[in-house]
Every structure is written in C-alpha cells, then in structure tokens.
Q: 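Please read through the structure below; I'll follow up with questions.
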Amino acid sequence: WTALLWNATWYGAVAVADFEGRFRSMNPAAEVILGIPLNRIEGHSFRDLVHPDDLAFAEEAHGRLVRGQPIVGFEIRFRRADGSWRRLAWTAVSDEGLIYGTARDITDQRALEEQLRQAQRIEALGQLTGGIAHDFN
C-alpha cells in the first residue's frame with residue numbers, strides 16, 4: 001500500500017457507493033487525495049464533497065448510474081479537508097444496488113494544460129506583433 005499511497009494521484013481512488021449516493025467504502029488513496037480520513041467519508045453522500053457548480057452535473061451522472069448506464073471520464077471537483085478543490089476524473093458502473101467508481105486526480109494536469117495554453121497565446125501574440133513591426137519597417 002505504501003507505493004499506492006505515495007502515488008495516490010497517479011493510481012487514483014476507488015469508491016463504492018449505494019444508489020442514494022452514500023459512500024460505502026473507499027481505498028486509502030481516496031483518503032490521500034481528499035485529505036479526509038476514510039471513517040469521515042464513508043456513510044456520507046457525494047453531495048457533501050462536490051463543488052456547488054458541479055452538483056447538477058454530478059446528479060445527472062448519478063442518475064445515469066442508477067439507471068445502469070456506465071460513466072467514463074466525467075470530471076468533477078471535490079472538496080479536500082483543507083477547503084481546496086481537486087478535479088477528479090471518474091469512471092463508474094453500477095451493479096445490484098451499488099455504484100463502483102475509480103477516480104484519478106487530474107488537478108495538476110489541468111493546471112499544466114492551462115499554463116501551456118497561456119504560453120501559446122503569448123507566443124501567438126508575439127508573432128503577431130513581430131509581423132506588424134516588420135510590416136512597418
């Protein structure tokens with residue numbers, strides 16, 4: 001488990017919830033990602049952790065799972081114990097009244113992607129202004 005805990009954001013969380021949305025169990029990686037002891041997560045609804053702006057999307061995904069439709073790669077923000085938000089990419093299926101899901105923390109990945117987009121915008125602006133300056137010369 002040590003390697004799993006050390007690389008929790010790489011391996012990800014595994015969770016089991018009932019059709020009401022209450023977590024029945026989670027692996028130790030979920031505790032690391034969320035910074036919340038497992039005994040404080042289990043028995044609570046996913047609604048307690050989901051970002052308010054993502055709640056409608058989470059409810060829709062939950063409804064699909066209850067109807068037996070699998071969910072692949074939906075992204076949703078969960079609150080950590082320290083009040084910060086982590087973006088998790090979930091894949092989940094349901095069977096016999098339970099929902100089985102895995103989640104990978106992609107917060108840092110999304111931040112790096114945004115930095116890359118910003119750098120590309122600045123580069124494009126530099127090329128544009130360089131072209132304009134060349135035209136004036």
Side-chain angles (χ1 to χ4, degrees):
W1 281 108
T2 303
L4 177 63
L5 292 176
W6 184 257
N7 295 308
T9 57
W10 177 257
Y11 291 103
V14 177
V16 178
D18 60 26
F19 275 6
E20 298 300 315
R22 291 183 307 266
F23 290 112
R24 295 299 180 123
S25 65
M26 293 182 116
N27 70 341
E31 182 174 9
V32 172
I33 291 170
L34 297 175
I36 304 172
L38 293 177
N39 63 358
R40 286 189 40 217
I41 297 173
E42 293 170 353
H44 290 275
S45 173
F46 71 89
R47 296 166 188 90
D48 298 335
L49 299 174
V50 171
H51 192 284
D53 293 344
D54 296 344
L55 192 53
F57 180 61
E59 291 285 1
E60 184 221 329
H62 177 255
R64 288 176 49 200
L65 286 162
V66 168
R67 291 188 303 275
Q69 301 169 350
I71 303 286
V72 178
F74 73 98
E75 296 180 19
I76 212 152
R77 290 169 289 179
F78 271 66
R79 184 179 56 246
R80 285 184 44 83
D82 63 9
S84 65
W85 296 97
R86 303 301 292 182
R87 183 172 294 279
L88 304 179
W90 286 91
T91 297
V93 297
S94 61
D95 185 46
E96 296 184 15
L98 294 175
I99 297 169
Y100 302 90
T102 62
R104 193 167 60 88
D105 185 344
I106 59 169
T107 307
D108 296 335
Q109 176 185 337
R110 290 296 182 254
L112 288 172
E113 289 171 357
E114 181 55 33
Q115 288 176 358
L116 176 60
R117 281 190 293 277
Q118 181 68 20
Q120 289 170 334
R121 285 192 293 266
I122 291 170
E123 180 183 7
L125 183 60
Q127 289 175 354
L128 177 63
T129 56
I132 292 171
H134 182 268
D135 288 345
F136 277 115
N137 283 336

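For reference, positions follow the sequence shown, starting with 1.
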Q: Between Glu42 and Arg22, is there a side-chain N and carboxylate O pair less than 4.0 Å apart?
A: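 Looking at Arg22 together with Glu42, the answer is no, because their closest N to O distance does not fall below 4.0 Å.
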Q: Can you hop from Leu55 to Ile71 via hydrophobic side chains spaced under 4.5 Å?
A: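 They do share one cluster, since a chain of ILVMFWY contacts under 4.5 Å joins Leu55 to Ile71.
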Q: If hydrophobic clusters are built by linking Ile, Leu, Val, Met, Phe, Trp and Tyr wherever their side-chain heavy atoms come under 4.5 Å apart, do Leu98 and Val93 end up in the same one?
A: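 Shared cluster, yes.
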Q: Is it true that Leu34 and Leu38 fall in one hydrophobic cluster, defined by side-chain heavy atoms closer than 4.5 Å?
A: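 The answer is yes; both residues are in one hydrophobic cluster.
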Q: Considering non-hydrogen atoms only, spot the tightest contact between Gly12 and Ala29 and give its length.
A: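 Scanning both residues completely, I find the closest heavy atoms to be O-CB, 3.2 Å.
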Q: Would you call the rings of Trp90 and Phe78 parallel, tilted or perpendicular, where under 30° means parallel and over 60° means perpendicular?
A: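 Taking Phe78 first and then Trp90, their aromatic rings sit tilted (interplane angle of 30° to 60°).
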Q: If every non-hydrogen atom of Glu31 is compared with every non-hydrogen atom of Pro37, which pair is closest and at what distance?
A: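 For Glu31 versus Pro37, the nearest heavy atoms are OE2-CA, 3.3 Å.
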Q: Nearest heavy-atom pair of Ile99 and Asp18: which atoms, and what distance?
A: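 Nearest pair, atom of Ile99 first, then Asp18: CD1-O, 3.9 Å.
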Q: What is the ring orientation for Phe46 with His62, classed by angle as parallel under 30°, tilted 30 to 60°, or perpendicular over 60°?
A: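 Phe46 and His62: tilted rings.
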Q: Using modelled atom types only, decide if a donor and an acceptor are shared between the side chain of Arg104 and the backbone of Leu88 within a distance under 3.5 Å.
A: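 No; zero donor-acceptor contacts below 3.5 Å.
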Q: To the closest 0.5 Å, what do you measure between CZ (Arg79) and OG (Ser84)?
A: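 Rounded to the nearest 0.5 Å, the CZ-OG separation comes out at 10.5 Å.
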Q: Donor-acceptor pair, Asn27 side chain versus Val14 backbone, under 3.5 Å?
A: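 A pair under 3.5 Å: yes.
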Q: So, taking the atom named NE2 in His51 and the one named CZ in Arg87, what distance separates them when rounded to the nearest 0.5 Å?
A: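 The CZ atom of Arg87 is 9.0 Å from NE2 of His51, to the nearest 0.5 Å.
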Q: If I compare all heavy atoms of Leu65 with all of Pro70, which pair ends up nearest, and what's the gap?
A: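 So the two residues come closest at CD2-CA, 4.3 Å.
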Q: Does any N or O in the side chain of Asp54 come within less than 3.5 Å of the main-chain N or O of Arg77, such that one atom is a donor and the other an acceptor?
A: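 Checked: pair present.
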Q: Grab the two heavy atoms, one from Trp85 and one from Leu49, that are nearest each other, plus how far apart they are.
A: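 So the two residues come closest at CZ3-O, 3.5 Å.
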Q: Are the side chains of Val16 and Phe23 in contact, using a 4.5 Å heavy-atom criterion?
A: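 Answer no - side chains too far apart.
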Q: For the hydrophobic clusters of this structure (ILVMFWY residues joined by side-chain heavy atoms under 4.5 Å, transitively), does one cluster hold both Met26 and Tyr100?
A: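 Met26 and Tyr100: separate clusters.
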Q: Closest approach of Ile106 and Ala89, non-hydrogen atoms and distance?
A: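 Shortest heavy-atom separation between Ile106 and Ala89 comes out as CD1-CB, 3.9 Å.
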